[in-house]
Amino acid sequence: MFTLIKAEEEMIDIRKLYQTMVAHCGEQNWPAESKPEIVLGAILVQNTSWESAQKSLDQLKETTAFDPQRILQLDDQTLQALIRPSGFYRNKSKAIRAVFTWLDDFNFDYAAIRQHFGKNLRRELLKLRGVGNETADVLLIYVFDVPAFVADNYAQKLFAHLGVPSKNYQDLARQVTLPADFTFHEAQVFHGLIDEFGKKYFRGQDTFDESFLAAFN
């Protein structure tokens, strides 16, 4: 059974959209080798480009190898210097410290954290400094292996072209429900696909790939 969303008297099949995008773009995923790296990337990419975030990640990798304890041991000045390329480095350094300290309370046992908070995990993530709706959903699917939909700017543009306009992140998130049988891996790939598609067709322009629309329809 497919989960559908309403769009001006028509129904968009999320499973079909996912399968069409995989066929069109190939599988996509977060460019990281470890969950601590994903956490860092999710914070550093806020309000900046991935290219800028990557520069900060490269410096953190060289200094800490993304080891959580080494990151926690960095003093504020050093941490801020390492992540300066991503911008907003003071606030982001505080967010990194807050999230890593919280994870350290659970010995970075992501499965234990998921089991401990259950359905309240997203709410707990939103309590952490520097974690908003988008970052919380990214952490859910990539770090805690919980299926979720990331209603980011690229997703808002894509769904608007498919007949589902939205005012903001929360508005689109309310309108889109993933299929009940969507795995966390599929949720990861779906977000990666939307991001890749957005970079290809929406960056700096509002034109849309008509061949994709034809394939979906």
Side-chain angles (χ1 to χ4, degrees), residues 27-48 50 52-152 169 173 178 181-192 195:
E27 285 205 7
Q28 305 290 326
N29 217 313
W30 194 276
E33 297 179 355
S34 69
K35 293 191 174 185
E37 182 181 356
I38 293 172
V39 174
L40 291 166
I43 294 171
L44 292 171
V45 78
Q46 295 172 3
N47 300 306
T48 193
W50 180 257
S52 295
Q54 187 63 60
K55 292 177 182 177
S56 295
L57 285 169
D58 290 343
Q59 295 188 158
L60 281 167
K61 182 177 182 179
E62 182 177 356
T63 304
T64 69
F66 298 132
D67 178 82
Q69 297 307 318
R70 292 173 66 179
I71 291 169
L72 284 169
Q73 290 167 8
L74 294 172
D75 60 64
D76 291 341
Q77 186 175 6
T78 301
L79 178 56
Q80 290 174 16
L82 291 172
I83 68 171
R84 183 181 289 267
S86 65
F88 303 97
Y89 54 89
R90 291 189 180 89
N91 286 335
K92 289 180 181 180
S93 68
K94 293 175 182 177
I96 289 171
R97 198 171 299 283
V99 174
F100 271 68
T101 298
W102 181 75
L103 291 170
D104 191 47
D105 289 340
F106 294 89
N107 298 312
F108 287 83
D109 188 333
Y110 306 103
I113 295 172
R114 183 180 66 244
Q115 293 171 5
H116 179 76
F117 290 109
K119 294 182 178 180
N120 295 322
L121 178 55
R122 189 177 191 275
R123 185 176 66 185
E124 292 300 315
L125 290 170
L126 289 171
K127 293 178 181 179
L128 299 174
R129 179 169 188 149
V131 177
N133 288 297
E134 182 175 342
T135 303
D137 289 331
V138 166
L139 295 180
L140 282 177
I141 62 176
Y142 288 104
V143 175
F144 297 103
D145 299 340
V146 176
F149 174 66
V150 181
D152 59 13
Y169 189 102
L178 295 179
D181 63 346
F182 233 49
T183 66
F184 73 86
H185 175 72
E186 288 173 320
Q188 291 173 355
V189 172
F190 192 38
H191 172 244
D195 188 58

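Atom CZ of F88 sits in a sparse spot, with 12 or fewer heavy atoms from other residues, nucleotides or ligands closer than 6.0 Å. The environment of Q69 atom CD is dense: over 12 non-hydrogen atoms of other residues, nucleotides or ligands sit within 6.0 angstrom.
Here the side chains of F182 and F149 are not in contact, with every heavy-atom distance at 4.5 Å or above. No side-chain heavy atom of F106 sits under 4.5 Å from any side-chain heavy atom of Y110. In this structure, T48 and K92 have side chains that are in contact, with non-hydrogen atoms separated by less than 4.5 Å. Between L57 and F66, some side-chain heavy-atom pair lies under the 4.5 Å cut-off. Side-chain atoms of H191 and D152, non-hydrogen and from C-beta on, do get closer than 4.5 Å to each other. At least one side-chain heavy atom of Y169 sits under 4.5 Å from a side-chain heavy atom of V150. Side-chain contact between V138 and V45 is absent, with no heavy atoms from C-beta onward closer than 4.5 Å. Using a 4.5 Å heavy-atom cutoff, the side chains of S93 and I83 are in contact.
Remark: side-chain polar atoms of T101 are not paired, donor with acceptor, to backbone N or O of A98 under 3.5 angstrom. The main-chain N or O of S86 is found under 3.5 Å from a side-chain atom of S56 such that the two form a donor-acceptor pair. When atom types are taken as modelled, the side chain of Q188 and the backbone of I141 share a donor-acceptor pair closer than 3.5 angstrom. R114 contributes no side-chain N or O that, together with a main-chain N or O of L121, makes up a donor-acceptor pair within less than 3.5 Å.
Rounded to the nearest 0.5 Å, atoms CG (D104) and CD1 (I71) are 11.0 Å apart. To the nearest 0.5 Å, atom CG of residue N107 and atom CD1 of residue I113 are 9.0 Å apart. Taking CD from Q80 and CD1 from I96, the interatomic distance works out to 10.0 Å, rounded to the nearest 0.5 Å. Separation of atoms CD (E134) and CG (L139) is listed at 10.5 Å; rounding is to 0.5 Å. Atom CG of L125 and atom CG of N120 lie 11.0 Å apart (nearest 0.5 Å). To the nearest 0.5 Å, atom CZ of residue R97 and atom NZ of residue K94 are 11.0 Å apart.
In terms of the side chain to side chain donor-acceptor pair (under 3.5 Å) criterion, T64 has no residue partners (sequence neighbours excluded). Judged as a side chain to side chain donor-acceptor pair (under 3.5 Å), and not counting sequence neighbours, the contacts of Q54 are W50, D58. With sequence neighbours left out, D109 forms a side chain to side chain donor-acceptor pair (under 3.5 Å) with no residue at all. The side chain to side chain donor-acceptor pair (under 3.5 Å) check on N91 picks up nothing, with sequence neighbours excluded.
Nearest approach of T78 to D75, heavy atoms of both residues: N-OD1, 2.7 Å. A187 approaches P147 most closely through the heavy-atom pair CB-CA, 3.9 Å. Minimum interatomic distance between S52 and P85 (heavy atoms only, all atoms of both residues): CB-O, 3.5 Å.
For Y142 and F184, the distance between ring centers is not under 6.0 angstrom. Here the two rings, on F144 and F117, have centers that are 6.0 Å apart or farther.
Within the structure, salt bridge (Lys or Arg N to Asp or Glu O under 4.0 Å) contacts touching residues 117-133 (residues at least two apart or in different chains) are R122-D137, E124-K127.
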Output a table of donor-acceptor pairs, distance under 3.5 Å, between side-chain atoms of residues 32-44 and any protein atom two or more places apart or on a different chain; print 'none' if there are none.
{"residue": "S34", "atom": "OG", "partner": "E37", "partner atom": "N", "Å": "3.3"}
{"residue": "K35", "atom": "NZ", "partner": "V143", "partner atom": "O", "Å": "2.8"}
{"residue": "K35", "atom": "NZ", "partner": "D145", "partner atom": "OD2", "Å": "3.4"}
{"residue": "E37", "atom": "OE1", "partner": "E33", "partner atom": "N", "Å": "3.0"}

